[in-house]
Number of protein chains: 2
Amino acid sequence: MTSKSDLPQGTLDLLIMKIVALGPVHGYAIAQRLQQVSREVVQVPQGSLYPALHRLENRGLLAADWKETDTGREAKFYRLTRRGRAQLEAETASWARLTEAIGVILNLREAK
Amino acid sequence: MTSKSDLPQGTLDLLIMKIVALGPVHGYAIAQRLQQVSREVVQVPQGSLYPALHRLENRGLLAADWKETDTGREAKFYRLTRRGRAQLEAETASWARLTEAIGVILNLREAK
DNA sequence: TGTGATATGTAGGAGAACGAGGCATTCCTA
DNA sequence: TAGGAATGCCTCGTTCTCCTACATATCACA
């Protein structure tokens, strides 16, 4: 079971920012955490992950430094910039508003 | 306020199917209902609406007949096909699973 | 007459997601 | 010691969706 459902467009950036907000992580670990925390519901292919990270970095929402991982490899650790933090807050609120609205619609009964 | 937030990819089709499931409606009315019911949160531009309707029709999820509206105009009334109804159910469940997973992630506290 | 609401549609472009590929290192095991 | 799996980074090309802008037509009303 637990079919991998594709993420709606735009959602990936939000999730990435959220994970990064919890503390500096490198790309590979971001994908792993999203998968674990969501119990396999959210799965991020690398062909989506890295372009998204670069996108966020170009927009000035993330910044990165090369550091050594626990396993002794070099990896690019991302952190949220100030703008990124503001963006995360805004998008989280927006997401809540939207999903609530959609939830209402999906629960409509024919009783017009 | 009530900023118009863009819909995540794929969500539009889901919402359209849901509205159509409540009873036959024409395109223009679908957009209006979505806007009203969501208190302006969901707004569907015509350039998104009609392509989406054609898309759903081509996929065999919607079917349409020309009828007269309350206002005396000819309009294309859409209804769900059997496949459309199954698709709506599946996508609704998928949406619930996904938003729940995302909700969990967005509520994470740094306590790893 | 002209403006706003109703009603349908297309064209063009931007942007996101993803599959498929490539590359390098480390660790485990047969 | 050879091979594969896991870790870690990346890009290219395709596909799909969405949206701005535009085009069309009817009707009500001022």
Side-chain angles (χ1 to χ4, degrees), chain A residues 3-17 19-20 24-36 41-59 61-62 64-78 91 95 98 102, chain B residues 3-17 19-20 24-36 42-59 61-62 64-78 91 94-95 98 102:
Chain A
S3 63
K4 57 192 169 195
S5 41
D6 298 325
L7 282 177
Q9 191 177 44
T11 316
L12 180 57
D13 289 9
L14 174 59
L15 292 181
I16 288 176
M17 283 193 289
I19 297 297
V20 172
V25 266
H26 58 273
Y28 194 84
I30 293 173
Q32 283 186 319
R33 293 214 183 158
L34 283 175
Q35 189 171 335
Q36 290 167 3
V41 174
V42 174
Q43 301 200 22
V44 185
Q46 300 188 336
S48 305
L49 175 70
Y50 291 108
L53 286 171
H54 301 331
R55 204 159 57 223
L56 290 168
E57 201 177 357
N58 288 335
R59 289 210 287 153
L61 304 177
L62 294 186
D65 321 274
W66 287 91
K67 286 182 195 165
E68 198 170 324
T69 65
D70 298 341
T71 61
R73 282 185 185 79
E74 286 293 305
K76 214 168 166 185
F77 282 79
Y78 289 92
E91 279 190 32
W95 171 262
L98 192 65
I102 292 177
Chain B
S3 63
K4 52 183 174 204
S5 39
D6 298 325
L7 283 175
Q9 190 179 39
T11 316
L12 179 57
D13 289 9
L14 175 59
L15 292 181
I16 289 177
M17 282 192 290
I19 296 296
V20 172
V25 265
H26 57 273
Y28 193 84
I30 293 173
Q32 282 185 320
R33 292 213 186 160
L34 283 175
Q35 190 170 335
Q36 290 167 3
V42 175
Q43 301 199 20
V44 185
Q46 302 185 336
S48 306
L49 175 69
Y50 292 107
L53 286 171
H54 301 330
R55 204 158 59 225
L56 290 168
E57 199 176 359
N58 287 336
R59 288 209 287 155
L61 305 177
L62 294 187
D65 320 274
W66 287 91
K67 286 182 195 165
E68 198 170 324
T69 64
D70 297 341
T71 60
R73 283 185 184 79
E74 286 294 305
K76 215 167 164 184
F77 282 78
Y78 288 92
E91 280 190 31
S94 174
W95 171 260
L98 190 66
I102 292 178

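Naming: A, B, ... by sequence-line order, numbering from 1 per chain.
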* Asked: Does A:Q9 make a side-chain donor-acceptor contact with the base of D:dC18, cut-off 3.5 Å?
  -> no

* To do: Report yes if at least one side-chain N or O of A:Y50 is closer than 4.0 Å to OP1 or OP2 of D:dC10; otherwise report no.
  => no

* To do: From the options D:dT11, C:dA16, D:dT7, select the nucleotide whose nearest atom is closest to the side chain of A:P51.
  => D:dT11

* **Length of the CD-C1' vector between B:E91 and D:dT17, whole Å** => 14 Å

* **For the student: nearest non-hydrogen atoms of A:F77 and A:H26, plus distance** => CZ-ND1, 3.7 Å

* Structure fact -> CG of B:L49 to CD1 of B:I16, rounded to nearest 0.5 Å, is 5.5 Å

* **A:D13, nearest nucleotide to its side chain (from D:dC10, C:dG9, C:dA17)** => C:dA17

* Return the 5'-most residue of the pair A:T11, A:Q46 with respect to DNA chain C, ranking by each residue's nearest nucleotide. => A:T11

* Asked: Expressed in angstrom and rounded to an integer, what is the separation of B:L56 atom CG from D:dT17 atom C1'?
  -> 12 Å

* Asked: Has B:R73 got a side-chain N or O lying under 4.0 Å from the OP1 or OP2 atom of D:dC27?
  -> no

* **Earlier contact from the 5' end, DNA chain D, for B:A52 and A:Y78** => A:Y78

* Give, for atom CG of A:L62 and atom CG of A:L53, the distance between the pair rounded to the nearest 0.5 Å. => 6.5 Å

* Asked: Counting any heavy atom closer than 4.0 Å, what does A:E68 reach on the DNA or RNA strands: base, sugar-phosphate only, or nothing?
  -> nothing

* Look up atom CG in B:L15 and atom CH2 in B:W95, then write down how far apart they are to the nearest 0.5 Å. => 7.5 Å

* On a plain distance test, is the side chain of A:E74 in donor-acceptor contact with the base of D:dC9 below 3.5 Å? -> no

* Counting heavy atoms from C-beta on, name the nucleotide in D:dT17, C:dT6, D:dG8 closest to the side chain of B:Y28. => C:dT6

* To do: Check the distance between C:dA7's C1' and B:R33's CZ and give it to me in whole angstrom.
  => 15 Å

* Specify the separation, in whole Å, of atom CG of A:N58 and atom C1' of C:dA14. => 16 Å

* Asked: With sugar-phosphate meaning primed atoms plus P, OP1 and OP2, does B:G27 contact a base, only sugar-phosphate, or nothing at under 4.0 Å between heavy atoms?
  -> sugar-phosphate

* Structure fact -> In whole angstroms, the gap separating P of C:dT8 from NE2 of B:H54 amounts to 9 Å

* A:L7 CG - D:dT17 P separation (whole Å) -> 16 Å

* When we call it a touch if two heavy atoms are under 4.0 Å apart, what does A:T71 touch: a base, just sugar-phosphate, or nothing? -> sugar-phosphate

* Asked: Roughly, in whole Å, what's the span from CD in A:E57 to P in D:dT11?
  -> 11 Å

* With nearest nucleotides of DNA chain D determined for A:G47 and A:T69 from heavy-atom distances, which residue corresponds to the more 5′ nucleotide? -> A:T69

* If every non-hydrogen atom of A:P51 is compared with every non-hydrogen atom of A:Q46, which pair is closest and at what distance? -> CD-O, 3.8 Å

* To do: Report the distance from atom CZ of B:R59 to atom C1' of D:dT15, rounded to the nearest whole Å.
  => 14 Å

* Ignoring the backbone of B:K76, work out which of C:dG9, C:dG21, D:dC16 is nearest its side chain. => C:dG9

* To do: Find the distance between CG (A:L12) and CD1 (A:I30) and round it off to the nearest 0.5 Å.
  => 9.5 Å

* To do: Select base, sugar-phosphate, or nothing to describe what B:G72 touches, counting heavy atoms under 4.0 Å on all strands.
  => nothing

